[in-house]
Amino acid sequence: CPGPLVKTLRKLVNAKKGEEIIVLTDSKECVNVLRESIVPLGLGSFDVKQEDSYYRITIIKLIDKLDEQIDIDKRC
(Lines give C-alpha, C1' and ligand atoms only; values in the text may rest on other atoms or scores of the structure.)
Protein backbone atom coordinates (compact mmCIF):
# COMPACT_ATOMS: atom_id res chain seq x y z
CA CYS A 1 0.00 0.00 0.00
CA PRO A 2 2.50 2.66 -1.10
CA GLY A 3 -0.25 5.21 -1.82
CA PRO A 4 -1.47 5.61 1.77
CA LEU A 5 2.11 5.47 3.07
CA VAL A 6 3.26 8.29 0.79
CA LYS A 7 0.18 10.42 1.53
CA THR A 8 0.57 9.89 5.27
CA LEU A 9 4.27 10.71 5.27
CA ARG A 10 3.61 13.90 3.25
CA LYS A 11 0.99 14.96 5.79
CA LEU A 12 3.39 14.14 8.63
CA VAL A 13 6.20 16.18 7.07
CA ASN A 14 3.91 19.21 6.73
CA ALA A 15 2.27 18.83 10.15
CA LYS A 16 3.36 20.75 13.23
CA LYS A 17 4.57 19.00 16.36
CA GLY A 18 1.55 17.74 18.29
CA GLU A 19 -0.73 17.78 15.26
CA GLU A 20 -3.04 14.79 14.87
CA ILE A 21 -3.37 12.89 11.58
CA ILE A 22 -6.21 10.41 11.05
CA VAL A 23 -5.86 7.60 8.50
CA LEU A 24 -8.72 5.27 7.60
CA THR A 25 -7.98 1.96 5.89
CA ASP A 26 -9.51 -1.47 5.48
CA SER A 27 -6.11 -3.14 5.06
CA LYS A 28 -4.31 -4.72 8.03
CA GLU A 29 -1.15 -4.78 5.88
CA CYS A 30 -1.41 -1.02 5.44
CA VAL A 31 -1.68 -0.58 9.21
CA ASN A 32 1.50 -2.62 9.66
CA VAL A 33 3.42 -0.77 6.92
CA LEU A 34 2.49 2.62 8.40
CA ARG A 35 3.42 1.51 11.93
CA GLU A 36 6.77 0.10 10.76
CA SER A 37 7.54 3.33 8.89
CA ILE A 38 6.61 5.80 11.63
CA VAL A 39 7.17 4.29 15.08
CA PRO A 40 10.81 3.08 14.84
CA LEU A 41 11.97 6.51 13.68
CA GLY A 42 10.10 8.27 16.48
CA LEU A 43 8.12 10.38 14.02
CA GLY A 44 4.81 10.05 15.81
CA SER A 45 2.69 8.19 18.28
CA PHE A 46 0.56 5.52 16.66
CA ASP A 47 -2.83 4.30 17.85
CA VAL A 48 -5.07 1.88 15.94
CA LYS A 49 -8.73 1.18 16.59
CA GLN A 50 -10.73 -1.31 14.56
CA GLU A 51 -14.13 0.04 13.63
CA ASP A 52 -16.71 -2.09 11.80
CA SER A 53 -14.99 -2.82 8.46
CA TYR A 54 -11.98 -0.50 8.71
CA TYR A 55 -9.09 0.62 10.90
CA ARG A 56 -8.81 4.13 12.29
CA ILE A 57 -5.19 5.13 12.79
CA THR A 58 -4.39 8.19 14.87
CA ILE A 59 -0.87 9.57 14.50
CA ILE A 60 0.39 12.49 16.59
CA LYS A 61 3.57 14.09 15.32
CA LEU A 62 6.27 14.02 18.01
CA ILE A 63 9.04 16.15 16.49
CA ASP A 64 9.25 19.61 14.91
CA LYS A 65 11.34 19.12 11.79
CA LEU A 66 11.85 15.65 10.42
CA ASP A 67 15.15 16.35 8.69
CA GLU A 68 16.80 17.70 11.86
CA GLN A 69 15.54 15.11 14.33
CA ILE A 70 16.07 11.72 12.70
CA ASP A 71 19.34 9.97 13.38
CA ILE A 72 19.11 6.88 11.19
CA ASP A 73 22.17 5.20 12.75
CA LYS A 74 20.66 5.32 16.22
CA ARG A 75 17.14 4.34 15.19
CA CYS A 76 17.75 1.51 12.73
> Hydrophobic cluster mates of Y54, side-chain heavy atoms under 4.5 angstrom, ILVMFWY only, any path?
Replying inline: I22, L24

> Testing V33, I38, V39 for side chain to side chain contact (heavy atoms under 4.5 Å, CB included) with R35, which one passes?
Replying inline: V39

> Closest heavy-atom contact between L5 and S37?
Replying inline: CD1-OG, 3.6 Å

> With sequence neighbours excluded, what pairs up with K49 under the salt bridge (charged side-chain N to carboxylate O under 4.0 Å, His left out) test?
Replying inline: D47

Point-to-point distance, once rounded to the nearest 0.5 Å, from [atom1] of [X] to [atom2] of [Y]:
X   : Y   : atom1 : atom2 : value
I57 : C30 : CD1   : SG    : 6.0 Å
T8  : L43 : OG1   : CG    : 12.0 Å
I59 : S45 : CD1   : OG    : 8.0 Å

> Heavy-atom distance under 4.5 Å between the side chains of T58 and V23, does that happen here?
Replying inline: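 They are not in side-chain contact.
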
> Is there a donor-acceptor pair closer than 3.5 Å between any side-chain N or O of K61 and the backbone N or O of G18?
Replying inline: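 Flag not set: sc K61 to bb G18 has no pair under 3.5 Å.
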
> Is there a donor-acceptor pair under 3.5 Å between the side chain of K28 and the backbone N or O of V31?
Replying inline: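 Here the side-chain-to-backbone pair does not exist.
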
> Are I63 and F46 connected, step by step, through hydrophobic side chains (Ile, Leu, Val, Met, Phe, Trp, Tyr) whose heavy atoms are closer than 4.5 Å?
Replying inline: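 As far as the 4.5 Å side-chain criterion goes, F46 and I63 are connected within one cluster.
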
>> List the residues meeting side chain to side chain contact (heavy atoms under 4.5 Å, CB included) with K11, not counting sequence neighbours, and say none if there are none.
In response: I21

> Could you give all pairs that pass the side chain to side chain donor-acceptor pair (under 3.5 Å) test and reach residues 15-26, with sequence neighbours left out?
Replying inline: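 The answer is none; no pair qualifies.
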
>> Just to verify, what does R56 make a side-chain hydrogen bond (donor to acceptor under 3.5 Å, both in side chains) with, not counting sequence neighbours?
In response: none

